[in-house]
Each structure stands twice: as structure tokens, then as C-alpha cells.
Amino acid sequence: MPGKYHIEAKLSPNRHRVPGRVSLIDWEEGCLKCTVCVKQKCVYGVYKDRQIDPVSLADTADMLCRHCYQCVQGCPNRLISKSINPEYEMMGDEYWTPAILTQLYNQAETGKIPISGAGYTGPFSGPGFDSMWTDMSEIVRPTRDGIHGREYISTSTDLGAKPSYLSFLSDGSLDMMPASFVEIPAPFILTMPEDRLVSPGLSEALAEAAADLGTLFLNSAENIEEGSGRAKRHLMPRLNKGSLWPDLKAYERFKVVEIDYWPGLERWLNVFRKVNRHTVISVRLPFSPGFTGLLGPLVEAGTGVLHLTADNHGRGLGFESNSQDAPVLIDLIREAHFHLVDLNIRDEVTILISGGIALAEHVAKSIACGADAVALDLALWAALECRVCRDCLVQKACPVEIESSPVNWARQRFVNLAGAWHNQLLEVLGAMGLREVRRLRGEVGRVMFFDRLEEESFGPIFGRRKDGKK
Amino acid sequence: MKPAIKPVPSRYKNPLSKFKVTRANACVNCLTCVQVCPHGVHWDSGGKIQMPRDNLCHGFACMNKDCYCVDQCPSRALRVTLNPVYDVLGDRRWTADLLLSTWHMAETASVPGNNLEYKTGDSGGGFDRIELILPDKKVKASEKEKVSTSLLLNRRDDGRIKLEIGLPFYGGGMSFGSVNLGTMLCRARAYSAWESLVCTGEGGFPEELIPYQDHVITQVATGLFGVREDTVQRVPMIEFKYAQGAKPGLGGHLLGDKVTPAVARMREAVAGNSLFSPFPFHSVYSIEDHQKHIDWIKQINPRALVSVKVSTPNDVDMVAVGSYYAGAHVIHLDGSYGGTGAAPDIAKKNIAMPIEYAIPKVHRFLTQEGVRDKITLIASGGLRTAHDVAKAIALGADGVVIGTADMVALECLRCHNCESGRGCPRGIATTDPELKLMLDEDWGTQRLINLFSCWRDQLVGFLVKWGMKSITELVGRTDCLRHLDYEPSSEEQ
């Protein structure tokens, strides 16, 4: 049995105070000076050494409080109360919610998966990823112990082309180019968010983290010379028509290169493949109207990876009915996947997706819809405490000084987040009774969609939905 | 025999509330407010005015009425405001209103009068978008007397006990270790008082529960903690837990901190070590294995019923039918949005389907198979109110199982810290020797009795309005329901 893929988490504390959802209101006037004050009885010692944090000028009690309300309910003169913290509510946006961001900060800090008691707290369902559930298996599948057990669940995925069959010459030698693909131990690679603040230090940290994780770091070709020797082997340069090196042979040292799509790219691909037989080519194109029409010819021309991108909210790009109504990843991925299935070439190419992957569950759900792997982007910035405030887009200073993140700190934060997500992926796979993430790809029977459940369970009872869904 | 109802106020000085009543120093102790307030907010002890009972306040609904204390106070010393705590409490499933009204029911055994939304939550789907279609009709007390809320659990003619419970709901499993022994006792006593049942969970059968054993379900789960011949033999029903809604397919995990010497002794394990309850049963890989399991229990206890608790996967209907053929009396579906114990957030939100979908699916399939009247279908996982109970039954369940609502009655406010460190800061889900003292058993028992009484009373009220004599008539009556996101049916238009 091969060794178990394990991601080593190490505590890597937040550099900035994480705003709590709730803040303390503490009227000290009117205090009765009880012999034993409720504050002394706090189970979590919130009031011990309480002070105003010198950097953020925030109350340390707000960071430590676990909201048990014993003090609120116990003070005889009712001098303690709680209120919503506006600073918390202002973080992020409607997709990268404060709850998601704080959870990402915690995972990047500790590498632990989020666990809590007392049931689920959120909405019944929602758009996109929130309109699907993953399946589980009750009794009938073979033994599996998830993350605690004897039998490993493989999360390895291949990036690259796999021919459907081999053909040989009459002398028995291979009559085709050898298949080239790269195995990564978890179905994600790392990249930078396109429209956020970046710095050389962050490239280096990502390159090192990719090496730690055994995965790839997708970075624009201009910055590709950075990183240690070890990390160089995990680089995946991103090229475009204007930035190509004259000597295509020079790309041979990369396992995978990515090139932005341009009309007519297929011809260049043929040239590239003649010069360089081993490097896997990933073609990057947005999930935009009519994108499926481009896929067949690209695969035909030898594309190993189709990197399809969505916006930061997991929506297609360039659709007329902008942002809010643009199609969502779970539909776009299925469209791409089943288009290739219909063309009988699904296994000859890998689908990599990015944009709007904010939670570990999005990785599993994307794969179930038909992706082979995802590229993590903005979530990695959130690992560095990004507030998704967009200040960097208008050249304002970053509130968490992301550009000056120490390399080793950032690197460990990326690793921690990847570790937490990997473990969560194992939980989901274990519950389904799958022992390989490869088998989850496109297995839409292993997930349940809101529309279908409504139709199946409620349709016969309540008839037709008002929003036109069946 | 209905147990006695007694008012049981919060154990804290300041009950949480929607409105906050502030009395300034200008108060001259004239007690006018005590006389005008019909809701008991203002009160005195020996002629001396006391801290107002905010939780009873109807707030701005009193404005412009003679009972509005703020206007009536001759020295203008009173102020009513929204309590900032109200904005902070609760979540989409258990809203602040649901928490406050459940506390009110546990305290008074009646529904809150102060405009709190006590029927449903705010999750935007499932039960929260389904409504009961209730005829506008006055309910007479004499009619209510004639209605039965009893539920027969054994529908097989197999010579085993004809177990009947007094309420269409019973208590879900919470193990010794995950909750305090006091919490278990509160539940055991309250469910016994109502002639219902409560499940031990997978943590053994503490001796203190023996006096209530006729109302206890012994759980047999994958770790087999505390499963012994005598714990199986002394109860009227045994529950096989294959999976649970909060973490379907993941098994259980009691963190080392909570494994105190007492817990370890009960589970025959070592104190301080984390305990895993693996997934799945390693002796069950087919429905035949499952039957063997059930036969084994039936052999050890020849009178008891067998319940099978499963989660809600895609093929939950097949699982339910399989359990029937394997000999189960009760099939218990645990939907994905419930749960009381600690679980990975990814599992709570994503794995398996919400119970609202599973109930009609299984009910329909059992009916098609022609076995629906031979098995009792129980639903759980996110049922918070009497309205939810009625909705689940109308969708096709015979009865339901309750967990979180019990905890809330004991003043759980869903801070979600059950699992960490010493556990529950309110003494409910903890084994910490100091924290567990916070829960008084008599207090808790009566709070639960009150809550159940209030739920039962509401259920009886619905049944009278629908002209039904028994809760069993409601099963599968989807014509009593409307879904707010669906086109209204022709009759409703």
C-alpha cells in the first residue's frame, strides 16, 4: 500500500485581530460591587487580563468571548449586554461572507477542520453550490474508515491527456505520441487571484507551499524564475500570445504550462507539441457564452487540461445579464463535462476550474459536477487574512498588509488551509463510500440537487413552484 | 394521566428578551406600573418595586394603550427599547424568536403572547416555507379532551409488546459523556411523565436511569459503547444507529476532554482518550447482515421492539424498505439539518438530504410496497416546534424525535461550544464536575414537561380544527399543508 498523503499542519497565528460577530456592551456605571462579580465567574476567563488591544484599539473580551451570556444574564444590575459588531458585518461581500472568511482564517491558523456543536445554523438552500447536497451510504458498501482508519482514501488526480486507446505500428512500436500527464496528490493547485494585491514574497510563499503539498503553483510567466530549486519543479507558468519565449523547447523543464486562449490557438498547439512532447498544455478560457463550442477542437489539438474560469462569485463571465443572473459553476461545470462526454472525449482531457471556490465543500461539489481539479485563488488570499474589501483594487493600502506577509508564515498558512480542506474532502468521500476522488468526477448520482429533490418529493404534493422550477 | 404543569422561570436573574425595560432613578416606587401592566413585567415584593421581567414585555404593541407603562408612569421613569441582545441571538434555523418562545413555553407551558414567531424559523426552505392550512374555528376545551395524541410503535403482529407512547414524539439519543447525567435524568423523567420514551445515545446506560427503564431506549451504535446483555434486556425498545443526520457517514467522536473517569467507566475505555465510534457497522455490509443484527437483539430481549435509525441518503427509501423486511418495528430517519452533538460543519450543511424531502419519499415508497401500515415511520433532524411536528406527520411520518428543542428548553442558547474544552457553559452538554452543577434536575424536568405540554396542546388544537380525533389521522394528509413557494392549488384560489 502506498504511503498515506498527509499534510502537516502547524499553528500559524493570525497577524491581525479577527473581528467577532458580537461585541460586548459593558456599562460600568451603576456597578453594585457584588462580592463575587459575574465577570469573575466567566467560564472562558474573558475578563481576566482584559484590555484594549494596542494595535486595533479593540476590546480583548470580544476576541475571547464564546457567547454563553452568563454575564449578561447574571449581572444583578443588568450592566452587561451584547450587540452586533458592525466591523464584522462589513467584512467581505454577499458571497465571501464574514462567516466564510473567519472560518478560513481559523483553518489557515490551525489547519483544523471547522467543527461545532448543536446542528446546522444556515439557510435551507441557496444559489449555486448551496443548492446541492452530497450523498452518503448507509450500510452496503465495503469497509471504509474515513480519516481515522486503516484504509486510505486516495485524493490523487491526473492533469493531462489520456488517450482512449493505444495504436501500434506493424513492428509493435507505438504509433502515437506518448500520453503525458502529471499526478497531483490532491485535486487542487495553487494560484494567485487575478485582481488582488500580489508581491514577490507571496509568489515565493506559494511556490514553496506548492512544493510542500506536492501540487503545482500556477503563476504568470514573468515571475516564474523566483522560488527555490525545490519549488521550481512545482511551477506551472501561465503564458499568453504576447509573452511566448522564442524557443519553445525551453518550456520542456515545466511539467505543465498554461496558455490563455486565443482564436486559432489550435495551430500553435500543434507546433508546440511537435517541439515539446512531454509538457502538458493547459488552455485557459473563461466560462463565457458559447464556451462549449471551443472545447472539442482544443482537445483535438492536444490540449491536456482545460482551465475554465469563473468570477470570484462562481458565476460565468461575459454573460449579458451580468453577475447576479449569470450561470453558476455547478451548471457550467456540468455543461462542460457532459459536452465532452457527448463527444466521447471526456477522458482525453482534464477539466480544471477556478473562481468562487470559497469552501472545502466547493471542491467536492465541483468534482461531482464534472471537474477533475480546482485552482485555489482568492481562498488562499483569505488564508492570509484578506478581508475581500477590494481596497487593493483602487490602490488603497491593504488593511491586513498582505503584501508584507512573511514568506514562511504565508507558506504555512497555505499549507494549513490545504490540509483542512483535504481532510474535509476525505470526510465527504468517506461518507459516500468512495475510496478515490477520481471516481467522484462527474458522479452526479452521488449528489442531490435542490431542483430535483423539490420536484421528486414536493412536486406530487404541492404542484408547481412559483419560480418556474419544476 | 397528564403530568402537572408548574411555572419554572429562568435560572438566571435576567432572562433574555426581545424588549428591554429600563427604570430610571426617578422612580418613586408608586407601583402604578405594577397595576397597569397586564403581562406581569412589573412586580413588587413587599411594596418595593423589583427589576422588571423583560421577557414578558409585549413592547411597542402596548403603545397608545392604557396599559403602556411608559406613558402611565407619573414620574416618567420607564423606557422600553429593543434589546440589542435580540439582534445577536439565534440563527436562520433557530431564530431569536424561536429561542425566546421555546424558553417561554418551557417556563409557562403556553405559547408566547408577545408577537414572537413561535411557529417557524427563517431558513427560507423546507418546513420554514410550509404552512398548516388551519380552518378558522374556535376550539372548545371539551373537544380537546376527546383527542388522542398516542402513537402505537409496534404494528407487526409478532407477539412483542404493543408499545404505545402518549405523545407523537420521543427523545433522541444523547449519550452520557456528550451530555451531563443530570440532563439525561431531566429528559428521562419528563418523557416518563408523558408516557413517552427517551434514547440513551451511545454512551451506556447509567444506573440512575434504571427507575425510568420502561421509558428508555437503549441505543446500539457502531462503537457498541455500553451495550451489554442487561442494558438490552431492561428496555422496551432498542435502537440501532446506523448513521445520524448531523454527520451522516462519519461516525461519532467524543473528544478526550469529555472522557472523564465516570464516562470512561461507563464506556469501558480509558479516561482522557478520544473515543471514536466508527462508521459503518463493520459487521453489516448487506441487508442480510442487518437482519442478523436485528435477530440478535430480538433473541436477547424477546419482548422489545427494534428501531433502526438511519440518515437520509438518495436511496433512503430502499433502506427503509430493507429495514422493514429485516424485521424492524420502527424506521427512524434522521435528516441532515438537526443534531445536537459536535460535527464537522461541512457534514452538517452538506451531507444527506433535509428531512422534509425524505419523509414523503419514504412514506410513498413504503405505501407502494404495501408495508406502510406494518412499520412506524419516525422523522427527526431539525424539528423545532409543534408546527414542525404537525408538518412532518402530515408529510407522512407517524411521529418524530426531538433533540435540540429539549436542550433549548433547558436554556441552551446554541452557542455551539458543546464540543470544546470543558463543554457546555450552561451545564447541559458537559461532564465537567463544576459546570454540571449549573443544571438542577427538578428545574429541568419541569421545563421539559411544560414544553411537551404546550406542544401537545397546540397539536390537539390543530387536530380539533381539522376535525380529527387522533394524531394518527394526520399521517400523510398533505392536503393540510401549503408551500409558500408553490402555485396555490385550485381550491385555495
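Not measured: the values here are computed from a predicted model. So you know, we letter chains A, B, ... as the sequences are listed, proteins then strands, and number each from 1. Computation of the quantities below employed the complete heavy-atom set of this structure, encompassing side-chain atoms and omitting hydrogens, waters and symmetry-equivalent molecules.
- The parts of B:Ala352 that come within reach of chain A are both its backbone and its side chain, each placing non-hydrogen atoms under 4.5 angstrom from that chain.
- Annotation: side chain of B:Tyr486 is not in contact with side chain of A:Lys466 (no heavy-atom distance under 4.5 Å).
- Within the 4.5 angstrom heavy-atom criterion, only side-chain atoms of B:Ser10, from C-beta onward, approach chain A.
- Side-chain atoms of A:Val428 and B:Ile346, non-hydrogen and from C-beta on, do get closer than 4.5 Å to each other.
- Counting non-hydrogen atoms of neighbouring residues, nucleotides and ligands closer than 6.0 angstrom, the CE atom of A:Met90 reaches no more than 12 such neighbours.
- The stretch residues 64-74 of chain A places A:Arg66, A:His67, A:Cys68, A:Tyr69, A:Gln70, A:Val72, A:Gln73, A:Gly74 near chain B, each with some heavy atom under 4.5 Å from a heavy atom of that chain.
- The most heavy-atom pairs under 4.5 Å with chain B, out of A:Pro123, A:Ser116, A:Pro76, come from A:Ser116.
- Most heavy-atom pairs under 4.5 Å with chain A, from the set B:Arg426, B:Met353, B:Glu434, B:Lys361: that is B:Arg426.
- Between B:Tyr357 and A:Phe124, a ring centre-to-centre spacing shorter than 6.0 Å is recorded.
- You'll find the side chain of B:Arg92 stays beyond 4.5 Å of the side chain of A:Tyr120, heavy atoms only.
- Annotation: maximal heavy-atom pairing with chain A below 4.5 Å, among B:Val310, B:Thr404, B:Asp479, B:Thr478, occurs at B:Val310.
- In the displayed structure, B:Arg11 atom CZ is contacted under 6.0 Å by more than 12 heavy atoms of other residues, nucleotides or ligands.
- Note on B:Thr22, B:Ile130, B:Asp289, B:Asp432: by heavy-atom pairs under 4.5 Å with chain A, the leading option is B:Ile130.
- The contact between A:Asn77 and chain B is made by backbone and side chain atoms together, counting heavy-atom distances below 4.5 Å.
- Heavy-atom pairs under 4.5 Å with chain B were tallied for A:Gly117, A:Cys42, A:Ala360, A:Ser81; the largest tally goes to A:Gly117.
- A:Val43 places a side-chain heavy atom less than 4.5 Å from the side chain of B:Leu435.
- You'll find the side chain of A:Lys365 reaches within 4.5 Å of the side chain of B:Asn350, heavy atoms only.
- Residue B:Met438 touches chain A through its side chain alone, counting heavy-atom pairs closer than 4.5 Å.
- Counting heavy-atom pairs closer than 4.5 Å to chain A, the top residue among B:Leu413, B:Asp345, B:Ile359 is B:Asp345.
- Side-chain contact between B:His416 and A:Thr121: present, with at least one pair of heavy atoms (C-beta onward) separated by less than 4.5 Å.
- For A:Phe129, the ring-ring contact (aromatic ring centres under 6.0 Å, His included) partners two or more places apart in sequence, or in a different chain, are A:His362.
- A heavy-atom distance below 4.5 Å is found between the side chains of B:Val88 and A:Arg21.
- Taking B:Leu395, B:Asn83, B:Val85, B:Thr312 one by one and counting their heavy-atom pairs under 4.5 Å with chain A, the maximum is reached by B:Val85.
- In this structure, chain A has no heavy atom under 4.5 Å from any part of B:Lys247.
- Chain A forms more heavy-atom pairs under 4.5 Å with one residue of B:Gly124, B:Gly338, B:Pro354 than with any other, namely B:Pro354.
- In this structure, chain A has no heavy atom under 4.5 Å from any part of B:Ala347.
- We find that B:Glu487 and A:Arg465 are not joined by a salt bridge, their nearest charged nitrogen and carboxylate oxygen being 4.0 Å or further apart.
- No side-chain heavy atom of A:Met432 sits under 4.5 Å from any side-chain heavy atom of B:Pro313.
- No side-chain donor-acceptor contact under 3.5 Å links A:Ser83 and B:Asp87.
- Ranking A:Pro460, A:Gly445, A:Ser457 against chain B, the residue ahead of the rest is A:Ser457, based on heavy-atom pairs under 4.5 Å.
- For B:Met318, the CE atom counts as loosely surrounded, since its 6.0 Å shell holds 12 or fewer non-hydrogen atoms of other residues, nucleotides or ligands.
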Is there a side-chain contact (heavy atoms from CB on, under 4.5 Å) between B:His483 and A:Ile461? Walk through the geometry before answering. CA-CA 9 Å; B:His483 196 302; A:Ile461 300 171; over 6 Å; no
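- Other residues, nucleotides and ligands contribute over 12 non-hydrogen atoms within 6.0 Å of the CD atom of A:Glu94.
- If you measure heavy-atom distances from B:Pro360 to chain A, the contacts under 4.5 Å come from the side chain alone.
- If you tally non-hydrogen atom pairs under 4.5 Å between each of A:Arg78, A:Lys82, A:Met448 and chain B, the highest count goes to A:Arg78.
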